[in-house]
J.: 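First the structure, which I've put down as structure tokens, then a few questions once you've had a look.
Letters A, B, ... mirror the listed sequences (proteins, then strands); counts begin at 1.
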Amino acid sequence: MLLDVQRLEKQSRAFAVRLKELEEQAWTLAGEEFNLGSPKQLQAILFGKLGLPVLAKTPKGQPSTAESVLQELAADYELPRILLEHRSLAKLKSTYTDKLPKQVNPRTGRVHTSYHQAVTATGRLSSSDPNLQNIPVRTEEGRRIRQAFIAPPGHRLMAADYSQIELRIMAHLSGDEGLLAAFGAGEDIHRATAAEVFGVPPVEVTSDMRRSAKAINFGLIYGMTAFGLARQLDVDRTTAQQYIDRYFARYPGVKAFMARAREQAREQGYVETVFGRRLYIQDIKSANAARRQYAERTAINAPMQGTAADIIKRAMIEVDAWIQAEKQPVTMIMQVHDELVFEVAAEAVDSVRARIGAIMTAAAELRVPLEVDIGVGDNWDEAH
DNA sequence: AGGTTAAGCGCG
DNA sequence: AAAGCGCGCTTAACCT
């Protein structure tokens with residue numbers, strides 16, 4: 001992958017300026033100079049000197065300064081707000097804008113990740129040295145880093161990602177009528193879920209209701225409980241439990257699918273992807289309830305994540321076969337779990353886009369259609 | 001000096 | 001008692 005190193009270095013300098021400002025502000029509020037990155041010093045100031053409440057502990061029993069904790073404290077105190085911005089910018093600078101330029105191969109002028117085929121429990125690839133599967137995208141600051149991933153002269157970057165592939169797989173595996181119908185009709189799935197859970201027509205779904213439904217949908221994929229959903233949505237547990245109950249009442253097939261996944265893991269020791277690949281589940285019979293419940297969540301999630309991994313691998317094989325057979329001016333340069341990134345000769349963009357979309361969409365025949373979003377740009381951010 | 005662990009956080 | 005799945009990387013803190 002080609003990088004605009006100058007752009008990254010310029011961004012690094014901009015981050016450094018802002019980080020220095022934030023550090024000064026933090027020192028003023030703390031009444032002393034300290035290393036913002038030092039957990040020990042930070043704990044002493046926040047929970048000792050300033051007397052802020054300890055809202056959570058780390059697994060080792062230390063007062064936690066995790067983002068979620070600082071978010072809560074930020075409502076009442078200024079220092080946590082400073083720390084949050086400092087944390088996020090320090091992460092972007094140290095991990096990306098400082099490091100990536102150093103990882104450019106002098107022979108090719110590019111960064112070359114290593115993909116690992118046999119690391120993850122679910123069949124996904126992993127990426128390292130550098131990891132190109134966790135390049136920032138969620139914040140504006142982060143997207144500036146993504147903008148440094150560029151196409152060579154005469155080429156464009158094309159990013160093709162599966163839309164809601166795990167939820168579609170859940171629809172397929174569960175056979176739930178409501179979910180199948182929603183995807184079959186091409187509905188906005190989070191809006192459809194919101195309409196069901198909140199009992200209003202789809203057109204009356206508010207952005208807040210849709211946001212909650214999205215959290216419910218994602219939470220289900222991970223086996224989340226009412227406790228976790230309550231924390232995520234900032235509602236009480238009773239309310240969160242009502243959402244979940246209503247969801248399962250409207251989509252009973254999903255409830256049954258999850259029960260089946262637990263049973264199958266317990267009886268056979270494994271669950272399967274749509275294509276029959278087995279995912280062995282440790283601890284499913286553990287006497288320790290926490291470990292067992294963790295195993296149950298894994299048993300629910302693994303078929304979905306694993307099937308998605310199978311599907312994109314099938315797509316990669318098919319796309320590669322097409323590129324080779326037709327000698328297309330395209331290079332498949334990255335995979336990010338549900339997304340493939342290509343360098344495409346500028347003049348071939350339209351035809352390649354259509355063909356890659358068709359191949360990816362046809363990589364599996366499920367009970368719901370697969371949908372692929374494709375974007376094109378001069379950099380990776382634009383291609384989204 | 002160099003390795004490991006804990007905490008935290010970037011992504012899907 | 002825990003409470004949301006799957007990864008890899010960085011820094012601090014601790015260890016040999």
J.: Look at the side chain of A/Thr122 and decide which nucleotide, out of C/dC5, C/dG6, C/dA13, has an atom nearest to it.
T.: C/dG6

J.: Looking at side-chain heavy atoms only, is the closest gap between A/Asp176 and A/Phe257 below 4.5 Å?
T.: no

J.: In whole angstrom, give the distance that lies between atom CD of A/Gln62 and atom C1' of B/dT5.
T.: 14 Å

J.: Applying a 4.0 Å non-hydrogen cut-off, can you work out what A/Phe218 is touching in the nucleic acid: base, sugar-phosphate, or nothing?
T.: base

J.: Among the candidates C/dA3, B/dG10, C/dA1, find the nucleotide nearest to the side-chain atoms of A/Pro136.
T.: B/dG10

J.: For C/dG6, does OP1 or OP2 lie under 4.0 Å from any side-chain N or O of A/Thr120?
T.: no

J.: Kindly point out which of C/dT10, B/dC9, B/dC11 is positioned nearest to the side chain of A/Lys99?
T.: C/dT10

J.: Could you walk me through whether A/Glu85 and A/Arg18 pass salt bridge (charged side-chain N to carboxylate O under 4.0 Å, His left out), step by step?
T.: CA-CA 9 Å; A/Glu85 188 182 348; A/Arg18 180 66 184 145; 2.7 Å; yes

J.: With a 4.0 Å cut-off on heavy atoms, is A/Asn288 in touch with a base, just the backbone sugar-phosphate, or nothing at all?
T.: nothing

J.: Look at A/Lys40 and C/dA12 and indicate whether a side-chain polar atom (N or O) is within less than 4.0 Å of OP1 or OP2.
T.: no

J.: From C-beta outward on A/Tyr294, which listed nucleotide comes closest to its side chain: C/dA3, B/dG8, C/dG6?
T.: C/dG6

J.: Quick one: which of C/dA12, B/dG12, B/dA7 gets closest to the side chain of A/Lys60?
T.: B/dA7

J.: Any base atoms under 4.0 Å from A/Lys91, or only sugar-phosphate, or nothing? Heavy atoms, all strands.
T.: base

J.: Would you indicate what A/Glu67 reaches in the nucleic acid, counting non-hydrogen atoms under 4.0 angstrom: base, sugar-phosphate, or nothing?
T.: sugar-phosphate

J.: For C/dA2, what is the paired nucleotide under Watson-Crick or G-U wobble rules, both distances under 3.5 Å?
T.: none

J.: Is there a donor and acceptor pair closer than 3.5 Å between the side chain of A/Asn134 and the base of B/dG10?
T.: yes

J.: Applying a 4.0 Å non-hydrogen cut-off, can you work out what A/Ile221 is touching in the nucleic acid: base, sugar-phosphate, or nothing?
T.: nothing

J.: Using whole Å, what does the distance between atom P of nucleotide B/dG12 and atom CE of A/Met334 come to?
T.: 12 Å

J.: Quick one: are the ring centres of A/Tyr247 and A/Tyr251 less than 6.0 Å apart?
T.: yes

J.: Measure CG/A/Asp310 against P/C/dG6 and give the value in whole Å, please.
T.: 16 Å

J.: At less than 4.0 Å, is any side-chain N or O atom of A/Ser88 found next to OP1 or OP2 of B/dC9? Yes or no.
T.: no

J.: Work out which heavy atom in A/Ala363 is nearest to a heavy atom in A/Tyr162; give both atom names and the distance.
T.: CB-OH, 3.6 Å

J.: Whether A/Arg87 contacts B/dC9 is assessed here as follows: a side-chain N or O lying under 4.0 Å from the phosphate OP1 or OP2. Is that the case?
T.: yes

J.: How far apart are the closest heavy atoms of A/Pro63 and A/Gln43, and which atoms are they?
T.: O-NE2, 3.2 Å

J.: Is the distance from OP1 or OP2 of C/dC7 to the nearest side-chain N or O of A/Ser128 less than 4.0 Å?
T.: no

J.: Searching all strands shown, indicate the nucleotide that pairs with B/dG8 (Watson-Crick or G-U wobble; both distances under 3.5 Å).
T.: C/dC9

J.: Please state whether the phosphate of B/dG8, meaning OP1 or OP2, lies under 4.0 angstrom from any side-chain nitrogen or oxygen of A/Thr65.
T.: yes

J.: Distance criterion of 3.5 Å, no angle test: do you see the side chain of A/Arg124 paired donor-to-acceptor with the base of B/dG12?
T.: yes

J.: Which nucleotide wins on minimum distance to the side chain of A/Ser126, given the candidates C/dC5, C/dC7, C/dA12?
T.: C/dC7

J.: Rounded to the Å, how far apart are A/Leu46 CG and B/dA7 P?
T.: 16 Å

J.: To the side chain of A/Gln305, which of C/dA13, C/dA2, B/dG12 is closest?
T.: B/dG12

J.: Can you check the distance between B/dC9 and C/dA1, where both ends of the measurement are the C1' atom (answer in whole Å)?
T.: 26 Å

J.: State whether A/Tyr96 places a side-chain N or O below 4.0 Å from either non-bridging phosphate oxygen (OP1 or OP2) of B/dC9.
T.: no

J.: Could you please name the option among B/dA6, C/dA1, B/dG12 that lies closest to any side-chain atom of A/Ala289?
T.: C/dA1

J.: Heavy atoms only, 4.0 Å cut-off, all strands: where does A/Asp129 land among base, sugar-phosphate and nothing?
T.: sugar-phosphate

J.: Kindly state each residue pair satisfying salt bridge (charged side-chain N to carboxylate O under 4.0 Å, His left out) with at least one member in residues 50-79 of chain A, sequence neighbours excluded.
T.: none

J.: Is there a side-chain contact between A/Ser94 and the phosphate of C/dC9, meaning an N or O under 4.0 Å from OP1 or OP2?
T.: no

J.: In whole angstrom, give the distance that lies between atom CD1 of A/Ile300 and atom C1' of C/dA3.
T.: 13 Å

J.: Do A/Ile284 and A/Tyr270 belong together in a cluster built from hydrophobic side chains that touch within less than 4.5 Å?
T.: no

J.: Can you check the A/Leu167 CG to B/dG12 C1' distance for me, whole Å?
T.: 13 Å

J.: What nucleotide, of C/dC5, C/dA3, C/dC9, holds the atom closest to the side chain of A/Asn131?
T.: C/dC9

J.: Tell me: CG of A/Leu36 to C1' of C/dA12, nearest whole Å?
T.: 13 Å

J.: So which nucleotide from B/dG10, C/dA2, B/dC11 ends up closest to the side chain of A/Leu92?
T.: B/dG10

J.: Taking the side chain as every heavy atom from C-beta outward, state whether A/Thr113 and A/Asp129 have any atom pair closer than 4.5 Å.
T.: no

J.: Quick one: does A/Arg138 reach the base of B/dG12 with a side-chain donor-acceptor pair under 3.5 Å?
T.: yes

J.: Compare side-chain N and O positions of A/Asn301 against OP1 and OP2 of C/dG6 and report whether any pair is under 4.0 Å apart.
T.: no

J.: To the nearest angstrom, how far is A/Arg297 atom CZ from C/dA2 atom P?
T.: 12 Å

